[in-house]
Amino acid sequence: MSPARRSQRPAAARPATKAKAAPDLLLEIGAEEIPAGFVPAALRQLAEDLGRALGEARLAHGEVKAVGTPRRLAVWARGVAQRQPDATSQALGPPVAQAFDAEGRPTPAALGFARSQGVEVAALERAATPKGERLAVTRVEVGRAAREVLPALLERLVAGLRFRKAMRSRFDEVTFARPVRWIVALYGGKPLKVAYGEVRSGATTRGHRFLSPAPIALTGTPEDYLAKLRRAHVLADPVERRGALEAQLAKAAKAAGGAIRPDPALVDEVLYLVEEPTAIAGEFEVSNLELPPEVVVSELRNHQRYFAVVDGEGRLKNRFVAVSATAVRDPRVARHGYERVLRARLADARFFFEEDRKRKLADRIPDLARRTYLAKLGSELDRAGRIGAVAEALARALGKEALVPDLAEVARLAKVDLNTGMVGEFPELQGIMGAHYARIEGLRSELADAIEDHYKPIGASDAMPRGDLGALVGLADRLHQLVGIIGVGEKATGAADPYGLRRAAIAILRILQDCGYQLSLSAAVERTLDALSGVRLSADRKAVAGQVLDFLRGRVRALWAEDHPADLVEAVLAAGFDDVVDARRRLEALAEVKVRPDFAPLAVAFKRVANIQEKAGGAAGAAVDPALLADGAERHLLAEVQRVEEEARALRAARDYPAVLRTVATLEPAVARFFDEVLVMAEDPALRSNRLGLLRRVGALFQDLADFRRIQAELPGGAAA
C-alpha cells in the first residue's frame with residue numbers, strides 16, 4: 001500500500017452570487033408577568049448566549065441586543081448570514097516515520113489511525129507540524145442554510161435560560177420563570193419553527209394586556225418590533241422605558257410641590273414592573289411626618305413601591321408618587337386607591353410606634369431570652385452577651401480600652417428592638433428603630449448611632465459605621481455570626497447562603513480596612529471561640545478556626561480581585577493576610593511596582609530564590625559565614641543584602657511597602673550576577689550550606705511581602721516569569 005498522499009484536491013468553488021443584505025433574526029418569549037428581579041439577568045443572558053451560539057454555529061452577524069418587560073423577553077441579531085461557511089478540520093495522527101516501514105508499508109500505528117478516523121490508509125495525508133511531519137485527515141463540513149440551523153439553536157437558547165426560581169405550567173413539561181404564552185421567531189421576516197413545551201412560535205406579538213390586547217403582526221426588524229409595541233402601549237426597550245419613567249416621576253413630583261427622593265434601586269425595580277409607566281401623585285396625613293422618616297420611606301418603597309417626595313431641603317413631604325402599569329381615564333380614582341392603602345399601613349405603623357415607646361429599651365432586654373437566635377447557638381440574649389465579650393476583646397487589642405464601658409452598653413441594647421412591634425412589622429428597620437427609641441429616651445447620641453450603625457455595612461458598597469462604637473460592635477456581631485454558624489456545622493455552598501455568611505465576611509473585611517483596624521484575624525477568631533465556650537462545636541476548636549479563616553481568605557480573594565489582578569492577590573495572600581490592612585497595603589505596593597519595566601527580571605530572580613529555598617528545605621536555614629564566600633559575585637550579593645536590609649528596616653517599621661519593594665528591587669542585578677557566576681548547590685557541603693544561607697537572607701527580604709512564584713510576568717522575548 002502506498003504512503004499517504006501529501007495534499008488533498010481542493011473542493012470546487014461555488015459560483016459567485018450577488019451579495020444581499022443579511023436578514024435580521026428576532027426572538028420574543030411572551031409570558032405571564034415575570035418577577036422584576038428576574039428580567040435584567042435574563043436579558044443579559046439572552047444577548048450573551050445568542051451571540052455565542054451564532055458564533056459557534058459559524059453564522060456571522062451584527063449587533064445583538066436584548067430588550068424586555070415583565071411580559072416579554074426579546075433578543076435580536078442584525079445581519080445574520082444566510083449560510084454557514086464550509087468548515088475545515090484536521091485530525092493529526094502518528095509521525096510519518098512511525099507510520100510506514102522501510103518498504104513503505106503502513107505500520108499498525110497508521111492502520112489504527114486510519115481506522116479511528118473511518119478512512120482508508122490511502123486517504124491519509126501528511127501534515128507539517130513543529131514536531132515534524134505527521135499523518136493527518138482533513139475533513140470539510142459543508143455549511144448549511146441559516147434557516148436550517150436557527151430553529152434548534154433558538155430552542156436551546158430558550159431552554160437554557162436560568163432563573164432563581166422557575167415554575168411549570170399546567171400543561172407543560174418544561175419550566176420557565178412564569179408560564180410561556182407565545183413565542184415569536186422571525187428570520188428575514190419569515191417565521192421559524194420553534195417550540196418550547198406546548199407553545200409553538202408564530203409571527204405575532206401582543207401589546208399591553210388591557211390597552212392593546214389584539215395580536216400584532218411583525219416584519220422581523222428591530223425597528224418594526226419596537227415601533228409597533230410602542231403604539232400598543234409597550235415600551236419594550238428598558239432604556240426608553242427608564243427615560244419615560246424618570247420623566248413621569250419628575251413631572252408628578254413637581255406637581256406635588258417637591259422632588260423625588262433619590263432611590264435608584266426602586267427605579268430599577270419599578271422599571272421591570274410596568275410596560276408603560278404612568279406616574280400619579282398622592283398624599284398622606286401630615287401627622288404621619290411625626291414618625292421617624294425611615295418608617296415612612298420604608299412603608300412607601302418596600303410595601304407599596306411608592307416614591308417618597310422631599311422639599312428643597314431634602315425633608316420628607318406628606319406626598320408620594322406611585323407608578324401605574326395602566327393609564328386610567330380618571331387619575332383621581334387611582335390616586336384615591338393608592339392613598340387608601342397607604343393610610344391603613346401608616347396607621348398601623350403609628351400604632352406600633354406609640355406602643356413601643358411605652359417600654360424602655362433596657363426593660364426589653366430580658367425578652368431576648370425568649371427569642372431564639374439559632375437553635376444550636378441559643379437565644380438572642382446569649383448572642384448579645386457574646387457580642388459584648390468579643391467587642392471588649394477587640395477594643396483591648398486595638399488599645400481602645402476606654403471604649404469598653406460604652407461597648408458593653410451598646411452590645412446590651414443593639415438587638416433589643418427585635419422585640420418591638422415596629423421591627424416586627426418592618427424587619428428592615430432593625431437597628432434604625434433601636435437608635436430612634438434610644439434618642440427618645442435620652443441616651444447619648446454616640447450610643448444611639450452605634451445601635452443603628454452596628455448593622456453597617458449591609459453590602460459591598462453600603463455606608464460604613466460613623467464611629468468606633470458601631471464599628472467594633474458590628475465587627476463583633478459578624479465574627480460571632482461567622483465563627484458560631486460555621487462552628488456548629490453550617491456553611492455556605494454554591495449559591496446557597498441561608499445564614500448570610502458571605503455578607504458577614506465582606507462586612508468584617510470592609511470594617512477592618514475602612515477603619516484601619518490592624519487586628520490579627522486569627523486572634524479575633526480565637527477570642528470569638530472563647531466567647532462561644534459554652535456552645536457544642538461540630539469539630540475541634542483548631543479545625544473550626546481553620547475553616548473560618550479559609551472562608552475569610554476566599555472572600556478576600558474575591559473582593560480584591562475585583563480591582564487587582566488575580567495573580568497579585570494570590571501572591572499577597574500566600575505571604576499572609578492575618579492583618580487585612582497590612583495585606584491590602586502590600587497588594588497596592590505590589591501593583592505599583594509591577595508596572596515598572598524592571599519588574600519581570602526581578603520576579604524571575606525572586607522566583608528562583610524561593611524555588612531553591614523550597615527544595616533545600618531545612619538546609620536553607622544556615623547562617624552566612626563571610627569567610628566562606630569564595631566568589632566575588634557572592635561577596636557582592638552579601639554586601640548588597642546588608643545594604644538593603646538596613647535601608648528597608650525603617651521603611652518596614654513605617655509599613656511603607658512601595659518604598660520597601662523599590663529598595664528590595666535594587667537587589668536584582670546582584671542576584672542575577674550571583675546565579676550567573678556561582679554554583680549554589682556546590683559539592684562542598686560547607687560552601688553549599690553557606691550559599692543557601694545567603695539566599696535565605698535574600699528571601700527574607702520579600703517572602704513576607706508576597707510569594708513571587710504566583711505572579712505572572714512577561715520577560716523580554718515573551719517568556720513567562
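Throughout, numbering of the chain's residues begins at 1 and tracks the sequence. As the structure is a prediction and not an experimental result, all values here were calculated from the model.
- Within the 4.5 Å cutoff, the side chain of V174 has no heavy atoms near those of the V180 side chain.
- With respect to L361, the side chain to side chain contact (heavy atoms under 4.5 Å, CB included) criterion is satisfied by exactly one of N419, I440, L413: L413.
- S324 places no side-chain N or O within donor-acceptor distance of the main-chain N or O of A327, the cut-off being under 3.5 Å.
- By the 30° and 60° cut-offs, the orientation of the rings of Y225 relative to W76 is perpendicular.
- Residue K360 places its NZ atom among 12 or fewer non-hydrogen atoms of other residues, nucleotides or ligands, all under 6.0 Å distant.
- Taking 4.5 Å as the limit, some side-chain heavy atom of L407 sits within range of a side-chain heavy atom of V473.
- The two residues A325 and H208 come nearest to each other via the heavy atoms O-NE2, 2.7 Å.
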Next item on the list: Kindly indicate, with the supporting measurements, whether the criterion salt bridge (Lys or Arg N to Asp or Glu O under 4.0 Å) is fulfilled by E425 and R345.
Entry: CA-CA 10 Å; E425 182 72 8; R345 297 288 305 182; 3.3 Å; yes
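- Counting only distance, with no hydrogens or angles, the side chain of R164 and the backbone of F38 share no donor-acceptor pair below 3.5 Å.
- Donor-acceptor pairing under 3.5 Å is recorded for the side chains of D356 and Y437.
- Not a single salt bridge (charged side-chain N to carboxylate O under 4.0 Å, His left out) links D363 to another residue, sequence neighbours left out.
- How far CD of E28 is from CZ of R72: 5.0 Å, rounded to the nearest 0.5 Å.
- Considering CG of L43 and NZ of K65, their distance stands at 10.5 Å, rounded to 0.5 Å.
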Check: Passes side-chain contact (heavy atoms from CB on, under 4.5 Å), E275 versus H233? Steps please.
Finding: CA-CA 7 Å; E275 294 200 306; H233 301 280; over 6 Å; no
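- The two atoms that bring D24 and P222 nearest to each other are OD2-CD, 3.4 Å, heavy atoms only.
- The residues E452 and R439 are annotated as salt-bridged, a charged nitrogen and a carboxylate oxygen being separated by less than 4.0 angstrom.
- Cation-pi contact between R261 and F320: absent, since separation from the ring centre below 6.0 Å together with deviation from the ring axis within 45° is not met.
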Margin query: Under the criterion salt bridge (Lys or Arg N to Asp or Glu O under 4.0 Å), I'd like the reasoning laid out for R383 against D477: C-alpha separation, chi angles, the key distance, then a yes or no.
Written below: CA-CA 8 Å; R383 178 191 185 190; D477 189 7; 3.3 Å; yes
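- Applying the salt bridge (charged side-chain N to carboxylate O under 4.0 Å, His left out) test to K317 and every residue at least two apart in sequence or in another chain returns nothing.
- The structure places CD of E428 at 11.0 Å from CD of E294, a figure rounded to the nearest 0.5 Å.
- Summarising the geometry of L377 relative to G484, their closest heavy-atom pair is CD1-C, 3.7 Å, with the distance given to 0.1 Å.
- In plain terms, the two heavy atoms of Y373 and H480 that are nearest each other are CE2-CE1, 3.5 Å.
- Salt bridge annotation for K228-D224: present, with a cationic side-chain nitrogen under 4.0 angstrom from a carboxylate oxygen.
- The shortest distance between side-chain heavy atoms of F307 and L266 falls below 4.5 Å.
- A ring-centre distance under 6.0 Å is found for F426 and H303.
- Checked by atom type and distance alone, the side chain of R371 pairs as donor or acceptor with a backbone atom of L418 at under 3.5 Å.
- Shown here for M422 and F353, the closest heavy-atom pair between the two residues is CE-CB, 3.3 Å.
- R510 places no side-chain N or O within donor-acceptor distance of the main-chain N or O of M464, the cut-off being under 3.5 Å.
- The salt bridge (charged side-chain N to carboxylate O under 4.0 Å, His left out) search around R444 returns D406, E446, not counting sequence neighbours.
- Two residues are said to be in side-chain contact when any heavy atoms from C-beta on lie closer than 4.5 Å; Y196 and I29 fail this criterion.
- Within the structure, every pair that satisfies the ring-ring contact (aromatic ring centres under 6.0 Å, His included) test and touches residues 321-349, not counting sequence neighbours, is listed here: Y306-Y338.
- With values rounded to the nearest 0.5 angstrom, E409 atom CD is found 6.5 Å from L447 atom CG.
- Within the model, atoms CD of E290 and CD of E354 stand 8.5 Å from one another, a figure rounded to the nearest 0.5 Å.
- In this structure the side chain of L501 reaches within 4.5 angstrom of the side chain of I485, judged on heavy atoms.
- A donor-acceptor pair shorter than 3.5 Å cannot be found between the side chains of S445 and D449.
- Inter-residue side-chain proximity for T278 and T326 is flagged as unmet; no heavy-atom pair is nearer than 4.5 Å.
- In this structure R329 satisfies the side-chain hydrogen bond (donor to acceptor under 3.5 Å, both in side chains) test with no other residue, sequence neighbours excluded.
- Annotation: side chain of L235 is not in contact with side chain of L245 (no heavy-atom distance under 4.5 Å).
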Next item on the list: Evaluate side-chain contact (heavy atoms from CB on, under 4.5 Å) for L46 paired with L161, printing each intermediate quantity in order.
Entry: CA-CA 7 Å; L46 266 179; L161 280 173; 3.9 Å; yes
Note to self: Between R71 and E32, is the side-chain contact (heavy atoms from CB on, under 4.5 Å) condition met? List the steps.
What the structure shows: CA-CA 6 Å; R71 295 185 68 216; E32 297 296 337; over 6 Å; no
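- D311 meets the salt bridge (charged side-chain N to carboxylate O under 4.0 Å, His left out) test with R315; sequence neighbours excluded.
- Separation of atoms CG (L229) and OG1 (T69) is listed at 8.0 Å; rounding is to 0.5 Å.
- A donor-acceptor pair under 3.5 Å is absent between the side-chain atoms of N318 and the main chain of E285, judged by distance alone.
- No donor-acceptor pair under 3.5 Å is formed between the side chain of D49 and the backbone N or O of L157.
- Under the 4.5 Å side-chain criterion, counting only non-hydrogen atoms from C-beta, R478 is in contact with I511.
- For R241 against A236, the heavy-atom pair with the smallest separation is NH1-O, 3.4 Å.
- Ion pairing between a basic and an acidic side chain is recognised when a charged N comes within 4.0 Å of a carboxylate O; K456 and D514 show no such pairing.
- For the pair Q45 (side chain) and R162 (backbone), a donor-acceptor distance under 3.5 Å is present.
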Note to self: Using the rule given for side-chain contact (heavy atoms from CB on, under 4.5 Å), can you reason through V321 versus V309, listing the C-alpha separation, both sets of side-chain angles and the distance that settles it, and then say yes or no?
What the structure shows: CA-CA 7 Å; V321 175; V309 177; 4.0 Å; yes
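- Within 6.0 Å of CZ on R301 lie more than 12 heavy atoms contributed by other residues, nucleotides or ligands.
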